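Please read these numbers as outputs of a predicted model, since none were measured by experiment.
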Amino acid sequence: MSNGKKLKILKSTLGYSHRSGNELLFECPKCQHHKNKLSVNIDKDVFKCWVCEYAGRSIYRLIRRYGTLEQRREWASLTQEIETKSLSEALFGKEEIEPEQVLELPKEFISLANRKLPKTSLYPLNYLESRGFTKRDIIKWKMGYCLDGEYEGRIIIPSFGMTGKANYFIARSYSGDWKKYQNPKVSKDIIFNELYLDFDEDMILVEGVFDAIKAGENTVPLLGSTLREDSKLFQEIAKNDTPIYIALDLDAQTKALKIIKSLLEYDIEIHKIDISPYEDVGDMSQEAFSKRKKEAVFIKSYDYLINEIINL
């Protein structure tokens with residue numbers, strides 16, 4: 001495989017470069033710093049910008065995102081990489097714009113993000129504090145509660161679509177009801193809080209909303225432990241070539257491997273976060289999760305096959 005041909009494609013995509021040891025320095029196409037701060041190592045197949053920290057374990061991500069169709073095809077022919085956007089279109093068909101799901105929050109909804117709160121807010125606030133959530137979390141996730149009605153005694157956490165309107169919400173009991181969740185009877189095929197997500201950045205996949213709060217920025221709750229290839233979230237990940245960190249509950253590791261396998265088929269960069277001995281991310285502190293994320297294991301197809309054999 002010719003590194004010379006790869007270098008030619010890189011220069012036609014990113015422009016002028018100069019060499020520093022084993023690395024090539026280009027202008028970063030993301031932050032466009034005036035100095036060449038994007039370091040590319042062709043032998044190791046990695047890149048990193050030392051200003052904005054845009055990085056990846058596959059140079060092909062740069063070519064896919066910033067190159068022309070001809071440049072992407074030429075690189076793919078050299079490395080036998082999967083052309084994600086073409087594959088996504090071939091399997092899913094061309095993207096069709098569907099009307100965004102919109103629903104009203106319960107009429108009994110009382111916001112916990114206000115400065116002045118009624119005395120009845122003491123109970124849901126105590127519950128949230130016992131789970132390790134802060135006032136900042138409450139405001140950021142626009143949490144509320146219902147004192148009566150269909151969702152009586154439940155914390156309400158809304159999801160907002162790209163139009164800024166609510167497209168779903170979770171309703172979690174804070175009063176000891178035997179049924180922990182009583183969510184609305186609408187489609188769950190939404191991207192939870194899509195309004196606040198950036199598919200160009202590393203993204204974390206977890207099971208529930210409380211897990212997502214602990215995991216931090218750019219985290220998506222699956223509202224379960226599966227991710228179908230025909231789901232809106234999967235298609236958006238494939239279309240944008242989004243690097244994924246996956247952190248499912250300990251009792252859902254078989255399902256996590258299925259998700260990993262599906263994403264690997266689209267050449268998505270995947271990292272697996274070990275949360276043991278915690279049962280789920282929601283039981284962790286935000287600091288503990290951040291540390292585990294830094295220690296996440298980069299998954300390759302070979303790694304997946306080994307894991308699958310071990311779990312037989």
_Does S225 form a side chain to side chain donor-acceptor pair (under 3.5 Å) with E207? I'd like the steps, not just the answer._
CA-CA 6 Å; S225 54; E207 290 194 35; 4.6 Å; no

Look at atom [atom1] of [X] and say whether more than 12 heavy atoms of other residues, nucleotides or ligands are closer to it than 6.0 Å.
X: Y181; atom1: OH; result: yes
X: K140; atom1: NZ; result: yes
X: K180; atom1: NZ; result: no
X: K30; atom1: NZ; result: yes

If only atom types and distance count, is the side chain of [X] paired as donor or acceptor with the main-chain N or O of [Y] below 3.5 Å?
X: N114; Y: K116; value: no
X: E194; Y: I190; value: no
X: D202; Y: P243; value: no
X: K272; Y: I299; value: no
X: T13; Y: I9; value: yes
X: N41; Y: V46; value: no
X: S262; Y: K258; value: yes
X: D45; Y: I59; value: yes

What are the two closest non-hydrogen atoms of [X] and [Y], and how far apart are they?
X: L263; Y: F234; value: CD2-CE1, 3.6 Å
X: K142; Y: P158; value: O-CD, 3.3 Å
X: S17; Y: K11; value: OG-CE, 3.5 Å
X: P118; Y: I110; value: CG-CG2, 4.2 Å
X: L222; Y: L233; value: CD2-CD2, 3.6 Å
X: M162; Y: E100; value: N-OE2, 2.8 Å

Side chains of [X] and [Y]: does their closest heavy-atom pair fall under 4.5 Å?
X: I191; Y: F199; answer: yes
X: C31; Y: C49; answer: yes
X: L195; Y: T163; answer: no
X: E74; Y: Q71; answer: no
X: K214; Y: F133; answer: yes
X: L128; Y: L112; answer: yes
X: L103; Y: P184; answer: yes
X: Q101; Y: K165; answer: no

Shared hydrophobic cluster for [X] and [Y] (ILVMFWY, side-chain gaps under 4.5 Å):
X: L7; Y: Y60; answer: yes
X: I259; Y: L264; answer: yes
X: L205; Y: I213; answer: no
X: Y66; Y: I42; answer: yes
X: Y127; Y: F109; answer: yes

From [X] atom [atom1] to [Y] atom [atom2], the distance as rounded to the nearest 0.5 Å:
X: H18; Y: L24; atom1: NE2; atom2: CG; result: 9.5 Å
X: I246; Y: I268; atom1: CD1; atom2: CD1; result: 12.5 Å
X: H33; Y: W50; atom1: NE2; atom2: CH2; result: 14.5 Å
X: E279; Y: D249; atom1: CD; atom2: CG; result: 8.0 Å
X: L38; Y: Q32; atom1: CG; atom2: CD; result: 12.0 Å
X: S175; Y: R154; atom1: OG; atom2: CZ; result: 7.0 Å

- Could you work out the complete set of other residues in the hydrophobic cluster of M284, with links drawn between I, L, V, M, F, W and Y side chains under 4.5 Å apart?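 In the cluster with M284 are I204, V206, Y245, L250, I273, I275, Y278, V281, F289.
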
- request: Go through the steps for S159 and N167 under the test side chain to side chain donor-acceptor pair (under 3.5 Å), then give the verdict.
  value: CA-CA 6 Å; S159 163; N167 59 6; 2.6 Å; yes

*side chain to side chain contact (heavy atoms under 4.5 Å, CB included) assessment of K294 paired with S290*: CA-CA 6 Å; K294 291 177 181 178; S290 179; 4.2 Å; yes

**Asked** Would M203 and E217 satisfy side chain to side chain contact (heavy atoms under 4.5 Å, CB included), going step by step from the backbone distance to the final call?
**Response** CA-CA 8 Å; M203 184 170 286; E217 297 292 335; over 6 Å; no

Would you please classify the geometry between the Y174 ring and the Y145 ring as parallel, tilted or perpendicular, with 30° and 60° separating the classes?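 Because their plane-to-plane angle is over 60°, the rings of Y145 and Y174 count as perpendicular.
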
**Report entry** F160 and Y196 aromatic ring geometry - parallel, tilted or perpendicular at 30°/60° bounds
**Finding:**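 Ring orientation, 0 to 90° scale: perpendicular.
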
By ring-ring contact (aromatic ring centres under 6.0 Å, His included) - contacts of F169 (at least two apart):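 F169 satisfies ring-ring contact (aromatic ring centres under 6.0 Å, His included) with Y151 only.
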
> Would L10 and W75 count as a side chain to side chain contact (heavy atoms under 4.5 Å, CB included) if you check the C-alpha gap in whole Å, the side-chain angles of each, and the deciding distance to 0.1 Å?
Replying inline: CA-CA 9 Å; L10 274 169; W75 188 279; 4.0 Å; yes

Does the side chain of T242 come under 3.5 Å of the side chain of N240 through a donor N or O and an acceptor N or O?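 Looking only at side-chain atoms, N240 and T242 do not form any donor-acceptor pair under 3.5 Å.
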
Stepwise ring pair (Phe, Tyr, Trp, His ring centres under 6.0 Å) check, Y16 with F26 | CA-CA 6 Å; Y16 169 79; F26 293 88; 8.6 Å; no

Does a salt bridge link [X] with [Y], judged by any charged N lying under 4.0 Å from a carboxylate O?
X: E23; Y: K48; answer: no
X: E295; Y: K291; answer: yes
X: D230; Y: R228; answer: yes

Worksheet entry | Intermediate values then yes/no, side chain to side chain donor-acceptor pair (under 3.5 Å), S276 and D274 | CA-CA 6 Å; S276 61; D274 178 16; 2.7 Å; yes

Checklist line | side chain to side chain contact (heavy atoms under 4.5 Å, CB included) between C146 and I156, intermediate numbers included | finding: CA-CA 7 Å; C146 289; I156 306 296; 3.9 Å; yes

